[in-house]
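Report on the structure given below.
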There are 2 protein chains.
Amino acid sequence: MTQVKPMRADARRNYGRLLEAAAEAFAAQGEGASLDDIAKRAGVGSGTLYRHFPTRQALLEAAYVDRVEALAARADELGEELPPGEALVAWLNELCAGTLQVRGMKALLGSAVTDGGVAAVSCGTRVRDAATRLVGAAQREGTLRADVEPVEVLRLAHGVSTAAELANGDGDCIRRYVSLLTEGLRAGR
Amino acid sequence: MTQVKPMRADARRNYGRLLEAAAEAFAAQGEGASLDDIAKRAGVGSGTLYRHFPTRQALLEAAYVDRVEALAARADELGEELPPGEALVAWLNELCAGTLQVRGMKALLGSAVTDGGVAAVSCGTRVRDAATRLVGAAQREGTLRADVEPVEVLRLAHGVSTAAELANGDGDCIRRYVSLLTEGLRAGR
DNA sequence: ACCTGAACACCGTTCAAGT
DNA sequence: ACCTGAACACCGTTCAAGT
């Protein structure tokens, strides 16, 4: 399932180089980084980039799968360490912080929670599943409003990241804004 | 002060046409609309566009000054009609809704509240002043947290717009998300 | 003083030719 | 089977030439 036909040695090498170059470029210059540049830095013809990654989204996704995986795994860790409500807050903090540190990831996660967006970015399900577990637990615990859906929490977190981004560099913003959000999401009030 | 030297008749006409074409294009295709296209639709050489509006920001701003003005004026109206807390909520709702309806305006307002961004988009002060009045009043009334700054409220509203945008077309989202935000901003909790 | 549009640089994308 | 890079289309930006 992982690989129907094994790649030829050179293809495999190029694939790896492209991923590396892409991760660097997206991190440094955001999701708009020049694809041609990425190909050049990887020492590869531009056609090769398109063969492996037909769309910019595909490349973005491939470049950050492991980070997304890590984020999803982190949700489960936090879910075991902390009571549900706190786990959710802690995770949202890490989500937003990570999103801002690695510039291209914001765009990736954004399209992962866009309704009807780019054919449901595949790594998006990992994040949505993780969020679903945390949100469900917090709702059962009674500390989180019953009327919010997991994907909404992710969208709002994306909004928080955007707001923090506008504050350009003021790192405390993330925590402040996440806490405002979770304040608003708290059950009972 | 409004105009040091009166424009030549043809210049004045071109200026107006450009604004019209720009407003249409930005509204339809977002802030990324092709400048060349705008010039063509206005029946004007591309150089003329650059003469009047050296940057995309300048054009964006000029195309939407009146809407921004209206938004600022609306803040004062609401401030007179409603108690401070409610006025702020109502205004944030209109702000977010307007921002999403007119596609280019989100980018404009975003850069208006970006710390150290594009040389302080001039129409931004109008919006910031309006927000300052509403926020101040709500804080004196005691319904709004004392530790938030007006510009932060605007940034968070921008975040809410972003979140609602991800829900693609679900119009209720705006109200829902604004109310979550204001829940979180409420004093005392 | 202002306008025009050709010219340049840059980027994304495709595809014929190569191995 | 996969790669390369030239070729094309498109966009932003500048500037010499025109009125």
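No hydrogens, no waters, no symmetry mates; every other heavy atom, side chains included, goes into these values. Proteins come first, then strands; the chains are lettered A, B, ... in the order of their sequence lines, and each starts at number 1.
Using the six-membered ring where Trp is involved, B:His52 and B:Tyr15 have ring planes that are perpendicular, over 60° apart on the 30 and 60° scheme.
Where B:Gly47 and A:Gly43 each meet DNA chain D at their nearest nucleotide, the meeting point lying more 5' is that of A:Gly43.
Dashed line: the shortest gap from a side-chain N or O of B:His52 to OP1 or OP2 of C:dC2 is not under 4.0 Å. Between D:dG12 and B:Ser46, no contact under 4.0 Å exists linking OP1 or OP2 to a side-chain N or O. Dashed line: the shortest gap from a side-chain N or O of B:Thr48 to OP1 or OP2 of C:dT4 is under 4.0 Å.
Both distances falling under 3.5 Å, in either a Watson-Crick or a G-U wobble arrangement, place C:dG12 opposite D:dC8. Pairing for D:dG18 is with C:dC2, a Watson-Crick or G-U wobble pair whose two hydrogen-bonding atom distances lie under 3.5 Å.
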Are B:Lys40 and B:Ser46 close enough, and set up right, to give a side chain to side chain donor-acceptor pair (under 3.5 Å), and what steps lead you there?
-> CA-CA 7 Å; B:Lys40 266 193 196 99; B:Ser46 48; over 6 Å; no

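When distances run from any side-chain atom of B:Arg51 to the nucleotides C:dC3, C:dG12, D:dC2, the shortest one goes to C:dC3. For B:Asp36, whose side chain is taken as the heavy atoms from C-beta onward, the closest listed nucleotide among C:dA1, C:dT13, D:dG12 is D:dG12.
Comment: B:Glu20 does not engage B:Arg17 in a salt bridge, judged by the lack of any side-chain N to carboxylate O separation of less than 4.0 angstrom.
Looking at heavy-atom distances under 4.0 Å, B:Asn14 makes contact with sugar-phosphate atoms alone, never a base. Backbone-only contact: B:Ala33 has heavy atoms under 4.0 Å from sugar-phosphate atoms and none from a base.
Taking a 6.0 Å sphere around CD of B:Glu24, one finds it holds 12 or fewer heavy atoms contributed by other residues, nucleotides or ligands.
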